There are 2 protein chains.
Amino acid sequence: MANQFKEYLQKYGIKPSTIRIKILDYFYHHRTHPTAEEIYQALLAELPTLSRASIYNTLDLFLSRGLLKTLPTEDRETHYDMNLDFHGHFECEKCGKIYDFSPPAFEHSPQELQGFVIHSKEMYYRGICAPCLHKKP
Amino acid sequence: MANQFKEYLQKYGIKPSTIRIKILDYFYHHRTHPTAEEIYQALLAELPTLSRASIYNTLDLFLSRGLLKTLPTEDRETHYDMNLDFHGHFECEKCGKIYDFSPPAFEHSPQELQGFVIHSKEMYYRGICAPCLHKKP
DNA sequence: CTAAATGCAAACGGTTTGCAATGCT
DNA sequence: AGCATTGCAAACCGTTTGCATTTAG
């Protein structure tokens, strides 16, 4: 398993290290959209001397290499998402939960971006999720 | 002109006020993706006693009513965008410029969101823009 | 041995907050 | 007057920074 992560990192031109593999592992097993603090708290058990700075360093590195992206949440803290296959996000304005969804197929790509190189795509919807719609107020 | 903004605010259930109209006016005339500070600096000339807190208050109000949304920039500061008609954003990873584009048409909407109410959609692309691609390094 | 990665603690700065002042009806 | 809006200044807290320490090859 750890070997897969190593290869994955190398594919993005990143030298493997303990923290880098652990963070990758975190995303792989949680499939959520965590904040830096959530990752920090989760890894603290295994890496007692871990510092937040190292989390931020690693997240920034991953961002710059396109391994992660940030979500346009209205939270104070930044939420990160792993850039695996292209998928969309729906944020419920009532309960705050973020849902993933598979993206609708496009009929064609935008003309304004002719000649642009696209590294990542993000779709972010906001609204009210079905569970919240059916809750009594 | 100011009357249009009043009506627009009321449509969103917001009582018009000087600052609210000015900020709306700013977005209407600039069509950019400004930070709170940029708006503050721009309005300071006309409203000398303006405070940043009022800018943040108003932006938060607009966000909560769906008049504005935030963009998933990697900047330290939050970038805001007016939620007019649905359009996408492309952020150049080299020069940082944010381009608008008209969204590609969808073949159908995602099944995972059946029964959800969608208030806003955001498409955010990242990559390298054509001008940067043609620049000499 | 050397360079990169990690940790620590302090500083930073965008944003938030509490409350006073002002404006509006 | 009474309530909402705005302004001010201080606090907050997520993030960044500089540098010391550790780790890996």
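Given the structure is predicted, the values throughout are model-derived calculations rather than measurements. We name chains A, B, ... by the order of the sequence lines, and we start the count at 1 in each one.
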With Y8(B) via side chain to side chain contact (heavy atoms under 4.5 Å, CB included) - residues at least two apart: K11(B), Y12(B), L24(B), L67(B), M82(B), L84(B)
Check every strand shown and say whether T35(A) touches a base, only sugar-phosphate, or nothing at a heavy-atom separation below 4.0 Å. nothing
Five-pair end axes of the helix from dC1(C)-dG25(D) to dT25(C)-dA1(D), angle between them (10°): 30°
What residues form a ring-ring contact (aromatic ring centres under 6.0 Å, His included) with F27(B), not counting sequence neighbours? none
In whole angstrom, give the distance that lies between atom CD1 of I14(B) and atom P of dA4(D). 16 Å
Residue pair S102(B), E112(A): steps toward the side chain to side chain donor-acceptor pair (under 3.5 Å) verdict: CA-CA 8 Å; S102(B) 8; E112(A) 290 95 332; 2.5 Å; yes
Where along residues 48-77 of chain A does a heavy atom fall under 4.0 Å from DNA chain D? A53(A), Y56(A), D60(A), R76(A), E77(A)
Across all chains, not counting sequence neighbours, the side chain to side chain contact (heavy atoms under 4.5 Å, CB included) partners of T32(B) are Y26(B), H30(B), P34(B)
Within the 4.0 Å limit for protein heavy atoms, which parts of nucleotides 19-25 of chain D are touched? Write it as a string from 5' to 3', B for base, S for sugar-phosphate only, - for none. -------
Under the ring-ring contact (aromatic ring centres under 6.0 Å, His included) test, which residues partner F62(B), sequence neighbours left out? none
To the nearest 0.5 Å, what is the distance between OG1 on T70(A) and OH on Y124(B)? 7.5 Å
Tell me the salt bridge (Lys or Arg N to Asp or Glu O under 4.0 Å) pairs involving residues 42-70 of chain B, sequence neighbours left out? K22(B)-E46(B), E37(B)-R52(B), K69(B)-E122(B)
Going from OH on Y80(A) to CD1 on I55(A), what distance comes out if it is rounded to the nearest 0.5 angstrom? 10.0 Å
Roughly how many Å is it from CD1 in I19(B) to C1' in dT5(D), rounded to a whole number? 8 Å
Salt bridge (Lys or Arg N to Asp or Glu O under 4.0 Å) pairs, two or more places apart, involving residues 87-96 of chain A: E91(A)-R126(A)
Which nucleotide of DNA chain C is the first, and which the last, in the 5' to 3' direction, to come under 4.0 Å of a heavy atom belonging to chain B? dC12(C) to dT17(C)
Classify the ring geometry of Y99(A) against F116(B): parallel below 30°, tilted from 30° to 60°, perpendicular beyond 60°. perpendicular
Qualifying residues under ring-ring contact (aromatic ring centres under 6.0 Å, His included), relative to H89(A), sequence neighbours excluded: H33(A), H87(A)
Atom-to-atom span, CD of E38(A) to P of dG14(D) - whole angstrom: 12 Å
Could you list the residues that satisfy side chain to side chain contact (heavy atoms under 4.5 Å, CB included) with S51(A), not counting sequence neighbours? A53(A), S54(A)
Is Q114(A) reaching over with its side chain to a backbone N or O of Q111(A), donor-acceptor style, under 3.5 angstrom? no
Want to settle it: does L47(B) or A36(A) sit nearer the 5' end of DNA chain D, counting the closest nucleotide to each? L47(B)
